[in-house]
Amino acid sequence: MQPVLNYLKQNQPRFVAELCEFLRFPSVSAQPQHKNDMSACAEWLANHCRQIGLEAAVRATEGHPIVVAKTLRENHSPRPHFMVYGHYDVQPPDPLDLWTSPPFEPRIEGRSLFARGSTDNKGQHFAHLKAVEAYLKTGTPLPCDLTFVIEGEEEVGSKHLAKFLKTNRAELNCDAIVVSDTGMPDKKHPALTYGLRGIIAFEITLHGPSRDLHSGTFGGTVDNPAMALCQLLGKLRNKDGRIAIPHFYDDVESLSAYERAEFKRLPITGRQLQKLLGVKMLFGERGFSPAEQRSARPTFEINGLTSGYQGEGSKTIVPALARVKITCRLVPNQRPERIRKIVCDYLKRICPPTVRLEIEAGHGAEAYEVSPTSAHAQAALRALRSAFHREPVLLREGGSIPIVNEFKNVLGADTLLLGLALPEDNAHSPNEKFDLDNFENGQRMSAFLWRELSAL
Ligand code: BES
Ligand code: ZN
């Protein structure tokens, strides 16, 4: 083990330079104009995996390709087999003018590496690759077989990976999956995440007149779809922060006393959160703490809202349509398709007759829960302790990683969520960054993890 740790320590500057190369690809899965950047990024990654001694291939899907890289493994190897999952796709970098430096030109300041995708998720799975490199390049025997599955569609709902799992079930059959794509409450608290929220996404359009109209000539005689949409959306949440859609909470389980006590122990306070997020005041469902609101309660969120003229100056029109992008975060026991139906039915019921309602369904995934007391989880906690020299915490988090449910359904394996993102890393926001101490500790965590997991 010592040669592995020494290798990691000695090679940090090179690892950071390589990560910067990886971050230069604008691998934005949501935007069709980046299709070629997506495959170039996948090719670069597969090549890199080969350089460090893995067998790697770029596997085509109907969407963006998946990179699969493995340690060389004999058939019917008696060693345990673990999968590391990550994603090389990133969120759109917009709004660009809020970035201090361009999103795909990595910049280092102190111990922060700024770039879109640095923390979510290139830096995090790259840490695992560097740990394996350390084993392979120092001739230290790995106690297990490893397969890396790094996909390109996580940020858009992992549409094609589920099918890929089913088609390649035998090849991907493993004892557990390791994912570093979640967070830590702060630098002093490494974390094992044992719960994630689910999600449903959809887009609502209200169609008004067949074209934008002169608002002087026709304003006052037709409904304005932007106004109608605001009024519609306004009915969906009440002043206590509760979602005002009938039956929305029907299947939500109440929090146990144990969980509420655990939430209280988390290091971040409401005041700190308010400061970090730059809001005048926090807002959330009454009766729940901020920690509970953001990870254990469902939400209804507007992600984007558009209608009419968006350019400079004024334009006097009644817009032809208004559109909103919505996601709801779901908690355990809420079924995505049932919630989708509940929301759609209600929208249809309350939509005024003056506009035409169109609803386009997007991706969906159930919430995820895994035991934090299993032998695998305990091994992961030991690896976190050794790497960070700190006592780890157990987290329930608010984000979603849709594919972890499929890992359970298709491969029958649990996922260990060992994230390295800090709340101030600006994931999905301008000026995303990755903490270079977490990068290094993440590599050490991965190095310890294979030993701990394989000793069971
Ligand atoms: N890394 C996140 C997931 C995450 C965020 C987990 C915060 C825990 C805490 C991941 O890259 C992500 O953003 N997932 C999307 C999934 C969605 C597009 C289906 C999300 O949660 O919005
Ligand atoms: Zn993300």
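Numbering of ligands and ligand atoms starts at 1, following listing order.
- For atom 8 (C) of ligand 1, the nearest non-hydrogen atom from the set Ile200, Thr182, Val404 belongs to Thr182.
- Of the protein's non-hydrogen atoms, Ser400 O, 3.5 Å is the one closest to atom 3 (C) of ligand 1.
- Atoms of ligand 1 found under 4.0 Å from any heavy atom of Glu154 (numbered from 1 in listed order, with element): 10 (C), 11 (O), 12 (C), 14 (N), 15 (C), 16 (C), 18 (C).
- Note on the Zn ion (ligand 2): protein N, O or S atoms under 2.8 Å away count 4, no waters included.
- Only side-chain heavy atoms of Pro402 come within less than 4.0 Å of ligand 1; its backbone N, CA, C and O stay farther off.
- Side chains of Asp414 and His376: no donor on one and acceptor on the other come within 3.5 Å.
- Sorted by first and then second residue, the ring pair (Phe, Tyr, Trp, His ring centres under 6.0 Å) pairs involving residues 405-436 (not counting sequence neighbours) are Tyr85-Phe407, Phe434-Phe439.
- At a heavy-atom cutoff of 4.0 Å, ligand 1 is contacted by no atom of Gln91, backbone or side chain.
- The protein heavy atom nearest to atom 9 (C) of ligand 1 is Glu397 OE2, 3.4 Å.
- The single protein non-hydrogen atom nearest to atom 19 (C) of ligand 1 is His363 CE1, 3.3 Å, given as residue, atom name and distance.
- The six-membered or imidazole ring of Phe22 lies near that of His125, with a centre-to-centre distance under 6.0 Å.
- Taking 4.0 Å as the cut-off between side-chain N and carboxylate O, Arg385 and Glu391 count as a salt-bridged pair.
- For residues 147-167, the set of pairs meeting the ring pair (Phe, Tyr, Trp, His ring centres under 6.0 Å) definition, not counting sequence neighbours, is empty.
- Among residues two or more places apart in sequence or in another chain, the side-chain contact (heavy atoms from CB on, under 4.5 Å) test is passed with Asn441 by Phe388, Arg444.
- With hydrogens left out, the protein atom closest to atom 7 (C) of ligand 1 is Gly399 CA, 3.8 Å, a heavy atom.
- Taking each of Arg329, Arg396, Arg197 in turn, the one with a heavy atom nearest to atom 21 (O) of ligand 1 proves to be Arg329.
- The pair Arg260-Glu292 meets the salt-bridge criterion, since a charged nitrogen lies less than 4.0 angstrom from a carboxylate oxygen.
- Across all their heavy atoms, Phe104 and Ser27 have their closest contact at CE2-N, 4.4 Å.
- If you check which protein heavy atom lies closest to atom 6 (C) of ligand 1, you get Asp181 O, 3.6 Å.
- Contacts between Lys159 and ligand 1, counted as non-hydrogen atom pairs separated by less than 4.0 Å, are absent for every part of the residue.
- For the residue pair Arg197 / Ser400, no side-chain donor-acceptor distance below 3.5 Å is found, with atom types taken as modelled.
- Residues Asn426 and Asn431 bring no donor and acceptor atom of their side chains to less than 3.5 Å of each other.
- Shortest non-hydrogen contact noted between Leu172 and Leu411 is O-CD1, 3.9 Å.
- Ligand 1 places these atoms under 4.0 Å from at least one heavy atom of His87: 11 (O).
- Distances between N or O atoms of Asp120 and those of ligand 1 include at least one value under 3.5 Å.
- Close N/O approach between Glu155 and ligand 1 is found [any backbone or side-chain N/O within under 3.5 Å].
- Arg59 and Glu171 are joined by a salt bridge, as a carboxylate oxygen and a charged side-chain nitrogen come within less than 4.0 angstrom of each other.
- In the model, Gln91 has a side-chain atom that pairs as donor or acceptor with a side-chain atom of Glu155 under 3.5 Å.
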